[in-house]
Amino acid sequence: MFKPRYKKEIKQKAEKLRKSKKTYSEITKILKVPKSTLSAWLSDKFEGIFDKKAQLAHLANIRPLAIATKKRNISRCADILSERMSREIKKYPLKNICFLKSMLSMLYGAEGARYKGVSGLVFANTDPKMAKLYVTLLRKCYKLDESKFRIRLHIHYYHSIKKSKKIWSELLNIPLRQFNKVYIKKRSKTKRFRKNFGGICLISYLDSNIRKEVMEIFEQLYLSIAV
């Protein structure tokens, strides 16, 4: 394999640059000499210029800058995506009842109780946005009897029963008198697990006919799209 020969002046320049604390990358850009060649020339003579302590100090200085830059880039990308999706959503037929029913059926198909023997719709989630979206779609798609809603909360030892019930009641616009007995999950206080803001909210609506229709829409969407 051909190895280029460099003039003595090039090596001397490399030594001078290295002595001035230039990195191998910087010297390579200036002299067009590979890093492997620079290492062979300079590693023994200038071994102590960049010691471990100096490198760690350098990293300690640049890491916060790198993290801040990365966060700015992530935030900028998120803003761009949000603006693009905001424009796109405006094109969706959000007033079309069939479109809304399809959204409801897919949401219920993913997070609702689909096993046989369930009376009415039962939807469970810890995410307040998911729960709010589900109840809103249900109200938009069907003429409901609001008294048929029932809420059951599954909470942990660190939750306040009164506060959790109030949060979900206000979020879903369902009165506290329609809340069933709260279930406190039996988990050790010393066991590590991910905490959530208000426990698991089980939303029941006592209407088997609506449930049958929602599940049939889900089935027809599956047959039309996936099969």
Side-chain angles (χ1 to χ4, degrees), residues 1-94 99 102-103 106-107 109-111 124-134 137 156 158-159 167 171 187-201 221-222 224-227:
M1 183 176 178
F2 174 73
K3 293 184 179 180
R5 288 192 173 187
Y6 296 95
K7 292 181 180 180
K8 189 177 180 179
E9 291 81 1
I10 297 294
K11 187 174 181 180
Q12 289 173 343
K13 286 182 180 179
E15 290 180 359
K16 188 176 180 180
L17 290 168
R18 186 61 169 163
K19 193 173 182 180
S20 68
K21 296 191 176 182
K22 293 287 186 184
T23 65
Y24 283 169
S25 296
E26 291 171 330
I27 299 171
T28 295
K29 289 180 180 179
I30 296 169
L31 301 179
K32 310 301 180 187
V33 177
K35 290 182 182 179
S36 57
T37 303
L38 293 173
S39 179
W41 288 351
L42 309 172
S43 59
D44 292 335
K45 190 172 183 179
F46 296 96
E47 187 176 5
I49 288 180
F50 295 103
D51 59 21
K52 191 70 175 178
K53 188 176 181 180
Q55 289 177 349
L56 292 174
H58 177 65
L59 289 173
N61 288 330
I62 66 171
R63 275 175 179 158
L65 298 175
I67 292 170
T69 300
K70 186 176 181 180
K71 286 182 177 179
R72 284 196 299 270
N73 290 338
I74 291 172
S75 179
R76 185 170 65 252
C77 290
D79 290 340
I80 292 171
L81 178 62
S82 179
E83 289 177 12
R84 181 162 63 86
M85 289 297 99
S86 178
R87 292 193 299 270
E88 184 175 310
I89 287 290
K90 291 176 182 178
K91 301 175 184 178
Y92 290 12
L94 296 178
F99 182 77
S102 68
M103 290 176 63
M106 297 304 292
L107 188 59
E111 300 293 334
N125 217 275
T126 61
D127 187 339
K129 290 182 180 179
M130 291 280 279
K132 179 72 172 179
L133 178 60
Y134 166 72
L137 284 170
H156 295 291
Y158 58 84
H159 288 119
I167 288 171
L171 176 73
R187 295 182 83 165
S188 170
K189 293 184 180 181
T190 60
K191 190 172 182 179
R192 294 172 63 88
F193 57 92
R194 182 168 59 87
K195 293 185 177 182
N196 53 52
F197 97 110
I200 302 172
C201 182
L221 285 170
Y222 168 76
S224 299
I225 296 171
V227 177

Please enumerate all residues that pass side chain to side chain contact (heavy atoms under 4.5 Å, CB included) together with [X], with sequence neighbours excluded.
X: L81; result: R84, M85
X: M106; result: F218, L221
X: I30; result: L17
X: K35; result: Y24, S25, T28

Which value, rounded to the nearest 0.5 Å, describes the distance between [X] atom [atom1] and [Y] atom [atom2]?
X: R18; Y: L38; atom1: CZ; atom2: CG; answer: 8.5 Å
X: L31; Y: E9; atom1: CG; atom2: CD; answer: 12.0 Å
X: I80; Y: S75; atom1: CD1; atom2: OG; answer: 10.0 Å
X: H159; Y: I200; atom1: NE2; atom2: CD1; answer: 9.5 Å
X: D127; Y: L133; atom1: CG; atom2: CG; answer: 9.5 Å

### Query
At their closest point, which heavy atom of S86 faces which heavy atom of K90, and how far apart are they?
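So the minimum-distance heavy-atom pair works out to O-CG, 3.4 Å.
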#### Entry: Nearest heavy atoms of P93 and F99, plus distance in Å
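Heavy-atom minimum between the residues: O-CD2, 3.5 Å.
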Quick one: list whatever passes side chain to side chain donor-acceptor pair (under 3.5 Å) with [X], sequence neighbours left out.
X: R72; answer: T69
X: K132; answer: none
X: R76; answer: N73
X: E88; answer: Y92

### Message
Under a 3.5 Å distance rule, please check whether K22 uses its side chain to pair with a backbone N or O of K19 as donor and acceptor.
### Response
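Not at all, since once roles are kept as given, no pair shorter than 3.5 Å links the two residues.
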### Message
When you compare the side chain of Y134 with that of N125, does any pair of heavy atoms fall below 4.5 Å?
### Response
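When only atoms from C-beta onward are counted, Y134 and N125 do not touch, as no gap falls below 4.5 Å.
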### Query
Within a strict 4.5 Å, meaning less than it, do heavy atoms of the I27 and K13 side chains meet?
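When only atoms from C-beta onward are counted, K13 and I27 do not touch, as no gap falls below 4.5 Å.
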